[in-house]
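Because the structure is a prediction, the values reported are computed rather than measured. We use all heavy atoms of the structure for the numbers below, so side chains are in, but hydrogens, waters and symmetry mates are not.
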Amino acid sequence: MVIKLKERQNRPRKRMSTESAIKRGDELPLSHPSHLLVQTPYFASEYGAAYLADSLELLKVLPEGSVNLVVTSPPYALHFKKEYGNKDKKEYINWFLPFAREIRRVLTDDGSFVLNIGGSYNQGTPTRSIYHFKLMIALVEKIGFHLAQECFWYNPAKMPMPAEWVTVRRIRIKDAVEYVWWFSKTPWPKATNLAVLKEYSEDMIRLNNRGVRETVRPSGHIIHDSWDKISAGGAIPSNVTEAEFEDVPESMLKMGNNAANDVYTKRCKEQGIKIHPARFPALLPKFFIKMLTVENDLVVDPFAGSNTTGAVAESLRRHWIGSEAVEEYLKASTFRFEDIVKKVADPPAYPKLF
């Protein structure tokens, strides 16, 4: 059941330190993103706030042009129902477009919208649905977004589904790739790949030491003698990226979502709280937050789930707002912020949840 947002009391706010705000739990500094809304957050951190709310209603009350980046993963149109709710493929586009209109409205002129969405099989047959491609086209042609770039998330932890076609009849292979579409409000969104450079390969370092001759490839591409320079500080990542080292993806956004020993999962198990069944890994929002925003920009995830986006934004010193309609998921998401809250929380601590 969706719980409506509570109205905040109409009383003047005093400017105070973020540390005091987290300790007291009744006031937040005027620079805090919670001041964009009149509703009371379910919990807040130094840089952001999470709301127990209907996602569309929250988007509607955000001011126009106030958000630098929306990065989210809404429920997919699967032919089997998930416990957190998902629309049928026939309904999906009409269901999602109202969210898209509000997302475009709240974005700054140079803002971006990053959408992670998975494909689906048609029920009863071993054929793929094209609902997500229809959605992508509708977001461009009906809503007015520009498709800045399409990226791909390779999830090696995905189960071999549907079992009927993959593990029983064995007439299909495992589907382990999801789309990550980067949309923008204008053709020229704020972005820099310098923020997500990957380490130079041994081949690149060898070329730099040896030097390259200017030549023309059989494809017609000209290789300039400047191509061996490594002065940028790293190599430009591709849209097919592997997350094999600690900080940013290296070269398919390859990352699993089945972590069993992270703080979030451990604390959920300790408290007997249900773990969100469709979490995406922190490296996914981290990559785009670093490339498309700067410190103190505002990042919004209207389908927050376990609030991975908010936690990543917090760690990167970006303001954030998250919305989630299932209270159990939102309650569990506070575990991602325990280390942050502990730094400043001297009882009574904020948020008060249990």
With sequence neighbours excluded, what pairs up with Ala148 under the side chain to side chain contact (heavy atoms under 4.5 Å, CB included) test?
Trp182, Ser184
Do other residues, nucleotides or ligands put more than 12 heavy atoms under 6.0 Å from the CZ atom of Arg128?
yes
Between His319 and Ala49 (side chain of the first, backbone of the second, donor and acceptor by atom type, cut-off under 3.5 Å), is there such a pair?
no
Of all residues at least two apart in sequence or in a different chain, which pass the side chain to side chain donor-acceptor pair (under 3.5 Å) check with Glu164?
Arg169
Return the OG to CG distance between Ser66 and Leu37, rounded to the nearest 0.5 Å.
8.5 Å
Looking at side-chain heavy atoms only, is the closest gap between Asn307 and Phe43 below 4.5 Å?
yes
Those residues that, when tested against Lys142, pass salt bridge (Lys or Arg N to Asp or Glu O under 4.0 Å) (two or more places apart)
none
Is any NZ, NE, NH1 or NH2 atom of the basic residue among Arg105 and Glu102 found under 4.0 Å from an Asp or Glu carboxylate oxygen of the other?
yes
Going by atom types alone, do Thr186 and Asp109 pair a side-chain donor with an acceptor below 3.5 Å?
no
For Lys185 and Leu107, which heavy atoms make the closest approach, and how far apart are they?
NZ-O, 2.7 Å
Using the six-membered ring wherever Trp is involved, compare the ring planes of Tyr131 and Tyr92 and label them parallel, tilted or perpendicular (cut-offs 30° and 60°).
perpendicular
For the residue pair Tyr121 and Lys89, what are the closest heavy atoms and their distance?
O-NZ, 3.2 Å
Please state whether the rings of Phe303 and Phe99 are parallel, tilted or perpendicular, taking 30° and 60° as the class boundaries.
tilted
Measure across Leu59 and Pro302 and return the closest heavy-atom pair with its distance rounded to 0.1 Å.
CD1-CB, 4.1 Å
Trace of the side chain to side chain contact (heavy atoms under 4.5 Å, CB included) decision for Val180 with Leu284
CA-CA 9 Å; Val180 184; Leu284 197 156; 4.3 Å; yes
Among Arg317, Arg318, Lys190, the one residue meeting side-chain hydrogen bond (donor to acceptor under 3.5 Å, both in side chains) with Asp297
Lys190
